[in-house]
Amino acid sequence: MNYLAHIYLSGEDNDLKIGNFIADSIKGKKYLTYPLEIQKGIVLHRTIDSFTDSHPVVKQSVHRLFPEYSHYSAVIIDILYDHYLAANWKDFSDIPLDVYVNNFYQLLTNRKSDLPKKVQNFLPYMIEDNWLLSYASIEGIGKILFQMNRRTENRSRMDLAVKELKLYYELFEIEFRTFFPELEQFAAQKIITL
């Protein structure tokens, strides 16, 4: 999924990062069983998703893929937008991407007991295959989409979306660069009010 964007949008707060990262594994009100600061990260994740899903630029990107990938189009766009964030990381952070992701992996390793079992189970694979750094290349995104397709038992055909990424590369990048600063501003404001 679009883990990199969620982590980045959490700022420097480690509890927010953890909550934002694990949020997809926490259903309904189960988030209330977590410490307050991690709860805030889960809430932040959910509001980021709502903002993203309703944004007209994102809808434009999703619409381009919809004829081929149906309701999986939004998931694919989340992943593709993470590619543009990773590929252009120097425009967003002074910390090199490899250092940033290694620091995050170390945080997760140190705080493993705060993670849901599902996340604990995939964490070693995430670190070993360096998912977050792999987002920066088309080949890496291809592997992520392949894994996502397998999780849907090949129903989504997400692995084929690399074709559209290459075909519409500049267009998707323009849309990402239009949308993402608005998302950054939204997330920064949301953090203040949590």
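Side chains are part of it too, since the values below use all heavy atoms of this structure and drop only hydrogens, waters and symmetry mates.
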Worksheet item: Could you go step by step and tell me if Q106 and N102 meet the side chain to side chain donor-acceptor pair (under 3.5 Å) rule?
Response: CA-CA 6 Å; Q106 191 60 57; N102 284 330; over 6 Å; no
Fill in: Aromatic plane relationship, H45 with H6 - under 30° parallel, 30 to 60° tilted, over 60° perpendicular
parallel
Worksheet item: Under the criterion side-chain contact (heavy atoms from CB on, under 4.5 Å), which of L132, D94, L4 is the partner of Y100?
Response: L4
Worksheet, complete the sentence: d(L80 CG, I138 CD1) to nearest 0.5 Å is 10.0 Å
Item to complete: Would you give the length of the straight line joining atom CG of D15 to atom OH of Y34, rounded to the nearest 0.5 angstrom?
Response: 13.0 Å
Discussion item. Are the side chains of W131 and V101 in contact, using a 4.5 Å heavy-atom criterion?
Written reply: no
Response to the item:
dist I18:CD1 -> L107:CG (nearest 0.5 Å) comes out at 4.0 Å
Worksheet item: Side chains of T109 and I127: closer than 4.5 Å at any heavy-atom pair?
Response: yes
Worksheet, complete the sentence: Per ring pair (Phe, Tyr, Trp, His ring centres under 6.0 Å), Y84 is matched among F92, Y135, F179, Y169 by Y169
Worksheet item: Does any donor atom in the side chain of Y3 or D24 lie under 3.5 Å from an acceptor atom in the other side chain?
Response: no
Item to complete: Taking all non-hydrogen atoms of both residues into account, name the closest pair between T47 and F186 and its distance.
Response: O-CE2, 3.5 Å
Fill in: Side chain proximity check, I192 to Q189, heavy atoms < 4.5 angstrom
yes
Practice prompt. Mind checking the CG-CD spacing from D114 to E37? Nearest 0.5 Å is all I need.
Written response: 12.5 Å
Item to complete: Take D13 and I191 through the side chain to side chain contact (heavy atoms under 4.5 Å, CB included) test and state the conclusion after the steps.
Response: CA-CA 10 Å; D13 187 305; I191 289 170; over 6 Å; no
Discussion item. How long is the straight-line distance from NZ of K17 back to CD of E12, given to the nearest 0.5 Å?
Written reply: 5.0 Å
Worksheet item: Taking C-beta and beyond as the side chain, do V57 and F180 meet within less than 4.5 Å on heavy atoms?
Response: no
Worksheet item: Salt bridge between D91 and R177, side-chain N to carboxylate O under 4.0 Å?
Response: yes
Practice prompt. Determine whether V75 and M158 make a side-chain contact, defined as any pair of heavy atoms from C-beta on separated by less than 4.5 Å.
Written response: yes
Practice prompt. Could you tell me which non-hydrogen atom of Y31 sits nearest to which non-hydrogen atom of V43, and how far apart they are?
Written response: CE1-CG2, 3.8 Å
Worksheet item: Can you list the steps and then say if Y81 with S61 is a side chain to side chain donor-acceptor pair (under 3.5 Å)?
Response: CA-CA 10 Å; Y81 277 18; S61 293; 2.6 Å; yes
Item to complete: Indicate the atoms forming the closest heavy-atom contact of Y105 with N130, along with that distance.
Response: OH-OD1, 2.8 Å
Fill in: Heavy-atom side-chain proximity of V162 to F146 below 4.5 angstrom
no
Worksheet, complete the sentence: Looking only at heavy atoms, the pair that brings S10 and N20 closest together is OG-ND2, 2.9 Å
Worksheet item: Just how far is it from atom OH of Y69 to atom CG of N149, taken to the nearest 0.5 Å?
Response: 9.5 Å
Worksheet item: Are R46 and I42 side-chain neighbours, meaning at least one heavy-atom pair lies under 4.5 Å?
Response: yes
Worksheet item: Within a strict 4.5 Å, meaning less than it, do heavy atoms of the I22 and I38 side chains meet?
Response: yes
Worksheet item: Does the distance from a Lys or Arg side-chain N to an Asp or Glu carboxylate O, for R64 and E175, drop under 4.0 Å?
Response: yes
Item to complete: Give me the ring orientation class for F21 and F122: parallel if the planes are under 30° apart, tilted from 30 to 60°, perpendicular past 60°.
Response: perpendicular
